[in-house]
Trainee: 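Take a look at the following structure, please.
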Amino acid sequence: MVENVRTVEAALGDTEKQVAPGVVDVRRRIGRSLVTRIDLAAGEEIRESALTLKCPGDGIPWSERHRIVGRRLRRALPANSKLEAEHLD
């Protein structure tokens with residue numbers, strides 16, 4: 001009986017999703033990151049309409065935009081700049 005329980009536990013797997021090693025690199029290359037759609041001034045509040053997505057996916061993903069919108073920029077960013085955490089106040 002214990003053996004059957006262990007078999008079921010192994011079949012159910014872990015609660016954490018495992019990412020295959022090759023997938024991380026593929027996500028980085030084909031994923032997309034938040035990028036400024038327009039020129040933004042230092043101190044300007046970031047609006048969702050001022051953002052777009054572009055490859056590669058090594059920056060802030062779209063799914064994190066709720067943490068970005070409404071924050072202010074530390075420095076001016078021209079259009080098509082990849083948004084980074086250090087750009088934000």
Side-chain angles (χ1 to χ4, degrees):
M1 186 159 133
V2 172
E3 185 178 318
N4 290 338
V5 170
R6 298 297 175 242
T7 302
V8 170
E9 287 175 343
L12 290 174
D14 200 337
T15 58
E16 290 186 35
K17 183 177 180 182
Q18 300 294 322
V19 179
V23 173
V24 174
D25 185 49
V26 171
R27 281 186 183 172
R28 194 174 308 127
R29 283 186 283 130
I30 67 170
R32 298 182 298 163
S33 302
L34 287 174
V35 174
T36 57
R37 182 186 305 262
I38 57 174
D39 293 341
L40 297 173
E44 186 170 348
E45 184 177 308
I46 300 172
R47 301 173 319 278
E48 190 170 321
S49 62
L51 301 174
T52 191
L53 290 170
K54 291 198 177 181
C55 292
D58 59 352
I60 301 171
W62 184 254
S63 61
E64 296 295 318
R65 72 187 179 282
H66 66 281
R67 297 177 190 211
I68 305 302
V69 172
R71 294 182 65 182
R72 297 195 177 274
L73 288 173
R74 288 186 180 157
R75 65 178 184 92
L77 290 176
N80 297 311
S81 295
K82 183 170 55 172
L83 207 56
E84 303 284 351
E86 62 263 11
H87 298 148
L88 307 170
D89 268 340

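Along the sequence shown, residues are numbered consecutively beginning with 1. Computed over heavy atoms, backbone and side chain alike; hydrogens, waters and symmetry mates excluded.
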Trainee: Please identify each residue that fulfils salt bridge (Lys or Arg N to Asp or Glu O under 4.0 Å) with R74, with sequence neighbours left out.
Mentor: D89

Trainee: For R67, enumerate each residue passing the side chain to side chain contact (heavy atoms under 4.5 Å, CB included) test, keeping only those at least two apart in sequence or located in another chain.
Mentor: E64

Trainee: So which atom in P56 and which in S33 form the shortest heavy-atom distance, rounded to 0.1 Å?
Mentor: O-OG, 2.7 Å

Trainee: With sequence neighbours left out, what residues match R71 under side-chain hydrogen bond (donor to acceptor under 3.5 Å, both in side chains)?
Mentor: none

Trainee: Could you tell me which residues satisfy salt bridge (Lys or Arg N to Asp or Glu O under 4.0 Å) with K82, sequence neighbours excluded, listed by chain and number?
Mentor: D58, E84

Trainee: List the residues meeting side-chain hydrogen bond (donor to acceptor under 3.5 Å, both in side chains) with R29, not counting sequence neighbours, and say none if there are none.
Mentor: D25

Trainee: Mind checking side chain to side chain contact (heavy atoms under 4.5 Å, CB included) for P78 and listing every partner two or more places apart, or none if nothing turns up?
Mentor: D39, S81

Trainee: If hydrophobic residues (ILVMFWY) are linked whenever their side-chain heavy atoms come closer than 4.5 Å, directly or via other members, who joins V69 in its cluster?
Mentor: L34, I38, L40, I46, L51, L53, I60, W62, I68, L73, L77, L83, L88

Trainee: Sequence neighbours excluded, which residues qualify as side-chain hydrogen bond (donor to acceptor under 3.5 Å, both in side chains) partners of E3?
Mentor: none

Trainee: Where the side chain of R72 meets the backbone of G43, is there a donor-acceptor pair that is under 3.5 Å apart?
Mentor: yes

Trainee: With ILVMFWY side chains joined below 4.5 Å, transitively, what does V8's cluster contain besides itself?
Mentor: L12

Trainee: Any salt bridge between E48 and R65, counting N to O under 4.0 Å?
Mentor: yes

Trainee: Rest of the hydrophobic cluster containing V26 (Ile/Leu/Val/Met/Phe/Trp/Tyr, side-chain heavy atoms under 4.5 Å)?
Mentor: I30

Trainee: So, using side-chain hydrogen bond (donor to acceptor under 3.5 Å, both in side chains) as the criterion, who are the partners of R75 when residues are at least two apart?
Mentor: H87

Trainee: Where the side chain of T52 meets the backbone of R37, is there a donor-acceptor pair that is under 3.5 Å apart?
Mentor: no

Trainee: Applying side chain to side chain contact (heavy atoms under 4.5 Å, CB included), can you list everything that pairs with E9, at least two apart in sequence or on another chain?
Mentor: V5, R6

